[in-house]
Amino acid sequence: MLKYTLHKLLVAALVAITVSFVAFMLLRVSGDLATALGGESARGEDIARLRAQLGLDRPILSQYWDWATRALVGDFGRSFYYPEPVWTLLRERLPVTLTLACWGLVISLAIGIPLGVLAALRPNTLIDRVAMTLAVLGQALPTFWLGLLLIILFGLVLRWLPMSGTDTWQHFILPSFVLGYYSTPAVMRLTRSGMLEVLATDYIRTAYSKGLPHRTVLFKHALRNAVIPVVALASVQFGLMLSGSVVIETVFAMQGIGQLAWESISRQDFPVVQAVLLLVSMFYVWLTFASDLINAWLDPRIRAG
Amino acid sequence: MANPAALPAVSTADVDLATVAPGGVSRRMLQHKGFVIAGAILGIIVLMALTAPLVAPYDPYAQDLGNRLVPPAFMEGGSWAHPLGTDGLGRDYLSRVIYGARVSLMIGLLTALISGLIGAVLGVTAGYFGGRVDALICYVLAVRLSMPVVLVALAVVSVIGGSLVVVITVLGLLLWDRYAVVMRSATQQVRALDFVVAAQSVGASTPRIILTEVLPNVMSSLIVVATFEVAHAILLEAALSFLGLGVQPPLPSWGLMIAEGRQHLLFEPWVIVIPGIALSVLVLAVNMLGDGIRDLHAPENRN
Amino acid sequence: MRVTSRFRQFLGLSAIAALFVLCSGHAQAGKKNDTLLWLTEFEPPTYDFYAQTNREGVVLAKHVWDTLIERDLSTGEFKPHLATSVTFINPTTIEVKLRPGVKFHNGDLLTADDVVFTFNWQNDPQNTKVAARSRTDWVKNAEKVDIFTARLHLKEPFAAAMAFLESSVPIYPAAYTKAQGSDGMSRAPVGTGPYRVTEVARGKQIVMERYKEYFGGVRGQAKIGKIVMRFVPEYNTQIAELMAGNADFIWRIPKDQAEKMKGRRGLNVTVGDTMRYGYLQFDITGRPGAAADPVRKLEVRQAIAHAVNRAAISKTLQGGGTVLDLTCYPSQVGCASKSAPKYDYNPSKAKQLLAKAGYPNGFDVDFYGYRDRQLAEAIMGDLAKVGIRAKLQWLQYSPLRDKVRKGEIPFNFMTWGSASISDVANSTGYFFAKGPDDTTQDAKVVELLKKAGAEVDAAKRLAMYDEAHALIARNVYWVPLWSYVYYYVMTDELRFQPTPDEIPHMYRASWK
């Protein structure tokens with residue numbers, strides 16, 4: 001187990017470094033962000049002054065080194081657009097996105113797992129098809145459309161829920177639902193195929209033949225095994241949600257890092273974009289690491305393989 | 001050593017390779033309801049795309065500012081002159097939907113082709129050779145999986161500018177991960193099978209083994225993944241277009257039409273609903289096709 | 001047993017539902033609370049006016065700070081506001097006499113120190129938080145004469161001085177700004193204006209309350225007690241909130257949505273022309289590779305000017321707007337020309353011109369833009385009708401502006417708000433006088449504009465601008481398109497008049 005952990009740790013660290021390098025380089029593809037800062041009314045001299053101030057005329061590798069070493073201690077520099085350190089911006093906005101992603105995950109599991117189980121119990125019947133359609137619709141409907149539709153339905157027509165902002169926990173209900181719904185097909189499919197596979201095993205047949213009640217077999221034995229890959233999936237989906245919340249945060253007027261990333265991309269606010277890319281990537285890397293460990297602990301076969 | 005279970009839509013359970021007698025497949029194909037329905041829908045869409053100039057009543061680019069936002073024929077204020085109404089610039093919506101099929105299909109297929117090629121090459125290589133090659137490719141895969149696709153695509157496109165070519169290239173270069181993972185597992189399973197071992201002991205060259213023994217057997221998994229990825233690419237393009245960084249107007253892509261319809265969402269809902277339905281139908285059909293293909297190659301107990 | 005537990009479940013659920021209904025209301029707003037809840041798209045990056053150029057920032061600044069002179073709404077003249085007099089004592093010196101007894105929101109008294117500080121601090125090369133030095137750098141330095149008198153020494157005679165003083169130089173409190181810096185000012189803005197900032201919730205909203213000790217001046221007292229500006233990036237969401245009664249005022253709503261809200265109970269829809277205008281810009285400079293651009297031929301540009309049906313596009317897609325023939329907004333001083341040619345909508349003439357230029361079958365061209373996609377598409381549609389096949393290249397504002405400055409863009413569609421300055425110096429004078437965005441570099445035009453910028457005699461100045469405009473129009477360096485209209489949708493309890501400067505002046509608004 002120790003060797004496995006160390007190995008995974010090494011890979012995670014290596015990936016983290018590579019990703020940070022890519023994140024940094026990616027944005028250097030282009031033009032002049034001093035212009036971005038200057039805005040419409042700034043003149044040529046203002047822009048040249050900004051460029052020198054921000055150290056944009058130094059060689060790229062040395063810029064990367066400075067950035068990376070400082071990023072390790074949480075210093076991502078100052079935003080080119082906001083008068084604040086990037087870390088402050090991230091810290092202010094991260095809670096919103098994290099809350100959204102957590103609740104979105106919960107919702108996708110709450111919808112996806114039952115649908116998957118249902119579909120597995122009656123494979124290739126109408127129920128299976130309907131369940132799959134319901135789930136896949138979550139991906140095929142544009143998020144902004146679903147979001148605005150729900151705003152109108154629950155906010156304007158029924159007046160049950162607030163429409164925008166982040167003041168209370170009720171404000172998170174609709175956006176979390178939209179976010180979570182997008183991941184439902186993946187969860188459902190995985191649960192379904194996992195259940196089908198487990199239900200066909202000798203282990204389950206034995207349980208049935210022993211005379212255990214149907215419900216016990218289903219939940220205590222089959223589901224628990226089928227859920228293992230879903231745990232791994234959950235970490236990937238969580239990461240996806242962190243980056244996929246751009247549209248939702250825009251529609252529901254929530255100041256999260258998704259919206260920050262999108263605005264910063266538009267404004268070529270490099271320090272912020274790099275920091276967000278790095279942050280989200282780090283979540284992926286370390287979540288994957290954590291889920292690898294969990295899976296290894298749950299399933300000894302993976303450790304050996 | 002990447003966790004094979006860390007797969008969004010397709011699990012290793014989907015990739016089981018039961019050998020089924022060839023003749024049996026086509027018969028079962030026609031009996032599998034989902035597959036048939038999906039195939040029919042896709043057939044219609046493809047036909048529509050191919051015969052667009054013949055089928056579309058108007059030029060999808062022809063603007064008519066005097067006839068903006070005419071509702072579809074079945075709504076109040078509509079007429080059969082424009083069965084699906086017109087958009088914000090007075091262009092006939094039915095024609096744009098028909099031509100839009102071309103763009104969406106092209107994006108889906110070409111992106112799937114590029115990413116499929118990259119992913120399949122990487123996956124098969126990793127699965128067949130194992131050892132250090134495998135470790136290296138898994139590392140590349142882990143790096144790719146850690147990068148948030150949407151943000152990266154946005155960052156790149158915001159600087160280069162969006163267009164059909166840029167979108168296909170960027171998505172093609174980003175979306176190969178699932179192919180790689182699935183191809184890798186599939187190849188690993190096949191490699192252990194008798195006929196491959198036999199070919200190796202006979203001394204057949206590696207490329208030959210891969211081409212003649214391994215590939216045909218992993219092809220079905222590749223196709224399953226490809227179908228889901230086609231849908232994924234189409235949806236991503238729609239998302240990019242929503243944010244303004246997908247294909248450029250006046251191209252009639254369904255994704256772009258949905259994005260343009262955002263303006264009219266509240267009071268002229270058909271502008272979004274119609275391409276939205278078209279997109280959903282396409283994505284659903286593609287998904288059903290993928291499920292169908294996977295079921296057809298599954299062991300008996302899956303049915 | 002089971003019936004009771006089910007019943008309890010039902011009660012529980014209904015209680016929760018009831019809670020939702022009760023708790024989902026927004027902060028109290030509207031006439032009954034004397035609070036205006038204003039939803040807007042963009043949050044300024046900082047509330048320090050001088051460190052940013054964002055439109056919402058400019059709007060807020062108008063409410064929190066005052067300028068030395070103000071425009072009288074009925075006559076349109078400049079009148080002293082924070083000052084009691086502002087006069088040229090010689091062509092390069094302005095003497096400012098301040099109104100005594102004006103207090104900043106934190107209690108500090110307004111003196112000449114504040115005026116001097118504002119200019120000198122902005123012009124100080126050590127000050128890194130200056131977004132647009134052009135606001136103040138026409139002043140070489142400012143000097144205090146006595147407690148309520150200051151002198152501004154100009155670099156050279158500057159005809160637009162009054163216009164800049166009215167729109168671009170709010171007076172900052174010297175002591176407070178020195179102590180708090182730009183960041184401190186952003187966290188807690190302090191000015192002399194009719195509204196005082198009471199809450200800054202970054203990312204969410206900013207709250208202002210009527211300043212009870214406001215001196216009045218040209219603006220008079222504000223009537224609405226409290227203004228809450230909340231940031232909602234999606235205008236569909238803004239509309240939903242307004243229709244649900246959770247907000248009082250939204251603006252810059254697209255015409256189609258706004259028109260549909262006319263006649264709805266409880267809502268009022270107003271349209272106002274603004275100074276922001278759209279234009280088609282050509283790069284005529286002789287940069288390498290430019291020779292191949294068809295737009296370098298005069299006939300081609302003339303053809304384009306005739307091909308676009310500006311009136312129709314502006315009316316149907318925007319809902320109004322003035323069709324422009326000059327590269328400025330008509331209310332700007334200097335925006336008139338008796339001899340500038342006008343280009344009517346005439347597609348057949350356009351085709352003839354194209355044929356004369358050697359393009360009988362039209363040509364392909366890359367067409368760049370960053371906003372108003374539907375308008376861009378409409379323009380492209382008109383161009384297509386005469387054979388010009390424009391391919392849209394959509395970029396974000398900053399990369400596009402950057403490329404334009406580098407000379408990489410032969411043909412683009414952009415807009416300009418002139419920073420609400422009602423003088424041609426910041427529109428035509430900006431784009432055609434060898435600045436970074438001058439893609440024409442016509443020596444004669446440059447000369448005329450530079451001279452006019454320093455000419456103090458009004459009649460001579462106008463004549464020079466007249467000639468410059470004529471040159472620009474004859475050569476079709478730009479195709480000026482239209483002015484933008486803004487739609488404002490609000491609760492019908494609000495009395496509000498839009499103004500063309502793209503700034504809603506809420507201190508003039510009141511409840512009905």
Side-chain angles (χ1 to χ4, degrees), chain A residues 7 11 14-16 18-19 22-23 26-27 29-31 123-124 129 132-133 136-137 139-145 148 152 185-186 189-190 193-194 196-197 200 228-229 232-233 235-237 239-240 242-244 246-247 261-262 265-266 268 273 276-277 280-281 284-285 288 291-292 295 302, chain B residues 1-14 16 32-34 135 138-140 142-143 145-152 154-156 158-160 231-232 235 238-239 242-243 255 258-259 261-262 265-266 272-273 276 279-284 287-288 291 294-295 299 301-303:
Chain A
H7 175 256
V11 172
L14 214 61
V15 172
T18 315
V19 161
V22 174
L26 198 62
L27 302 167
V29 192
S30 96
N124 295 321
R129 294 289 159 222
M132 191 193 66
T133 310
V136 173
L137 266 181
Q139 277 192 328
L141 296 174
T143 16
F144 73 87
W145 186 66
L148 283 164
I152 295 172
R189 271 221 196 81
L190 204 56
S193 49
L196 283 175
E197 194 181 318
I228 291 176
L233 176 66
S235 70
V236 173
Q237 293 296 351
L240 276 176
L242 281 183
S243 67
V246 177
V247 172
W262 165 233
I265 289 173
S266 313
Q268 293 186 294
V273 183
V276 174
L277 278 179
V280 175
S281 311
Y284 270 68
V285 172
T288 314
S291 76
D292 278 344
N295 271 316
I302 295 179
Chain B
M1 284 355 140
N3 190 342
L7 286 177
V10 184
S11 76
T12 43
D14 294 329
D16 212 2
H32 189 291
K33 263 189 253 156
C138 281
Y139 158 72
V140 173
V143 169
L145 278 174
S146 306
M147 307 231 56
V149 173
V150 174
L151 292 182
V152 169
L154 282 178
V156 170
S158 79
V159 159
I160 300 181
H232 190 201
L235 286 171
F242 169 73
L243 293 168
I258 294 175
R262 174 187 182 191
L265 190 147
L266 287 174
I272 287 196
V273 169
L279 198 64
S280 307
V281 166
L282 177 60
V283 168
L284 269 172
N287 275 301
M288 274 170 74
D291 282 337
R294 189 199 56 220
D295 286 348
N301 58 21
R302 196 115 330 146
N303 294 316

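Atoms considered below: every heavy atom in the structure, side chains included; atoms not considered: hydrogens, waters and symmetry mates. Chain letters run A, B, ... following the sequence lines, proteins first and then strands; every chain starts at 1.
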| Contact leader toward chain A among B:Val283, B:Val140, B:Leu279, B:Leu265, where contacts are heavy-atom pairs under 4.5 Å | B:Leu265

| remark: So, the part of A:Leu14 with a heavy atom under 4.5 Å from chain B: the answer is both

| message | Tell me whether A:Ser281 contacts the main-chain N or O of B:Ser146 through its side chain, where contact means a donor paired with an acceptor under 3.5 Å. | response | yes

| remark: All heavy atoms of B:Tyr139 vs all of A:Val15, minimum pair found to be CD1-CG2, 3.9 Å

| B:Leu266 CG to A:Leu148 CG distance, which is reported to the nearest 0.5 Å | 7.0 Å

| field | Heavy-atom proximity to chain A below 4.5 Å, by part of B:Ile258 | value | both

| request: Mind running side-chain contact (heavy atoms from CB on, under 4.5 Å) on A:Val22 and B:Val152 for me, showing each step along the way? | output: CA-CA 10 Å; A:Val22 174; B:Val152 169; over 6 Å; no

